[in-house]
Protein chains: 2
Amino acid sequence: MIKCHLSKLMGERKLKIVDVARETGVNRGTITRLYHETASRVELETIDALCRFLGCDVGELFEFVEGS
Amino acid sequence: MIKCHLSKLMGERKLKIVDVARETGVNRGTITRLYHETASRVELETIDALCRFLGCDVGELFEFVEGS
DNA sequence: GCATAATGATCTTTAGGAGAACATTTTGAG
DNA sequence: CTCAAAATGTTCTCCTAAAGATCATTATGC
């Protein structure tokens with residue numbers, strides 16, 4: 001499965017969902033879905049905005065976890 | 001921007017688009033779009049199947065490149 | 001306690017991936 | 001070279017989930 005570490009990255013930076021939504025320009029609902037890992041599809045533009053804002057690479061945001 | 005290295009990974013392994021499509025169960029059109037980097041949205045399930053088949057992590061498949 | 005902000009939840013709209021079918025190109029055997 | 005099969009490219013429809021907006025609920029702090 002693919003695990004999204006947005007909540008962890010946001011926690012480390014003490015960021016709120018609204019902050020991330022406002023700063024990245026990404027819809028708040030989308031951030032919420034990624035935060036709670038209920039998203040099953042992602043726009044590359046969204047990944048781009050998050051990586052740029054969080055100063056991280058794609059591999060830190062999404063991780064491939066063996067099994068299920 | 002987000003760069004997809006599927007073509008590079010496939011080249012290294014000398015894989016054809018049909019091979020990847022057949023082995024991963026992912027639609028050939030989807031593989032084609034990722035191969036030519038014309039996709040702007042991706043299913044996490046697709047990323048999962050590709051990582052599993054190619055034996056790589058998400059960061060090797062997608063890279064965040066600064067600029068534009 | 002109250003006002004404001006943040007989050008959660010839900011609805012509609014819409015973009016684009018998924019899937020399939022057809023066209024074209026490439027490849028290899030004879 | 002010729003032909004057939006396979007691989008790739010292209011284009012179409014369908015359908016799902018992100019995007020966007022709104023309302024309800026829950027924190028936060030003054």
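By convention in this document, chain letters (A, B, ...) are assigned in the order of the sequence lines, proteins followed by strands, and residues within each chain are numbered from 1. On a predicted model such as this, the values are computed, not experimentally measured, just so you know.
For the pair Thr46(B) and dA18(C), the criterion of a side-chain N or O lying under 4.0 Å from OP1 or OP2 is met. Note on His36(A): a side-chain N or O is less than 4.0 Å away from OP1 or OP2 of dG8(C).
As rounded to whole Å, 16 Å separates atom P of dA5(D) from atom NZ of Lys16(B). Protein atom CG of Leu34(B) is 9 Å distant from nucleotide atom P of dG17(C), rounded to whole Å. Rounding to whole angstrom units, CD1 of residue Ile17(B) and C1' of dT24(C) are separated by 14 Å. Atom-to-atom, CD1 of Ile47(A) to C1' of dG17(C) comes out at 14 Å; the value is rounded to the nearest Å. Separating the CD1 atom of Ile31(A) from the C1' atom of dG8(C) is a distance of 15 Å, rounded to the nearest angstrom. Here dA18(D) presents its P atom at 13 Å from CD of Glu45(B), a figure rounded to the nearest Å.
Closest approach to the Arg28(B) side chain among dG9(D), dT7(C), dA20(C) is made by dG9(D) (side chain taken as heavy atoms from C-beta onward). Taking every side-chain heavy atom of Ala39(A) into account, dA18(D) is the closest of dA18(D), dT8(D), dG17(C). Considering only the side chain of Val18(A), dT7(C) comes nearest among dT7(C), dA18(C), dA18(D). Comparing dA18(C), dT22(D), dG20(D) against the side chain of Arg33(B) picks out dA18(C) as the nearest. In the set dG17(C), dA18(C), dG9(D), dA18(C) carries the atom at the smallest distance from any side-chain atom of Asn27(B). Relative to the side chain of Glu43(A), the nucleotides dT7(C), dA18(D), dT8(D) differ in distance, and dA18(D) lies closest. Nearest to the side chain of Thr32(B), among dT10(D), dA18(D), dT22(D), sits dT10(D).
Remark on DNA chain D: of its neighbouring residues Asp19(B) and Gly29(A), the 5'-side contact belongs to Asp19(B), judged by nearest-heavy-atom nucleotide. Place Leu15(B) and Arg41(B) on DNA chain D by their nearest nucleotides, and Leu15(B) ends up nearer the 5' end.
More than 12 heavy atoms of other shown residues, nucleotides or ligands fall within 6.0 angstrom of atom CD in Glu63(B). The 12-atom threshold is not exceeded at CD of Glu45(B), counting heavy atoms of other residues, nucleotides or ligands nearer than 6.0 Å.
By the 4.5 Å heavy-atom criterion applied to side chains, Leu6(A) and Leu61(A) are counted as neighbours. Ile17(A) places a side-chain heavy atom less than 4.5 Å from the side chain of Met10(A).
The nearest pair of heavy atoms linking Phe64(A) to Cys56(B) is CD2-O, 3.9 Å.
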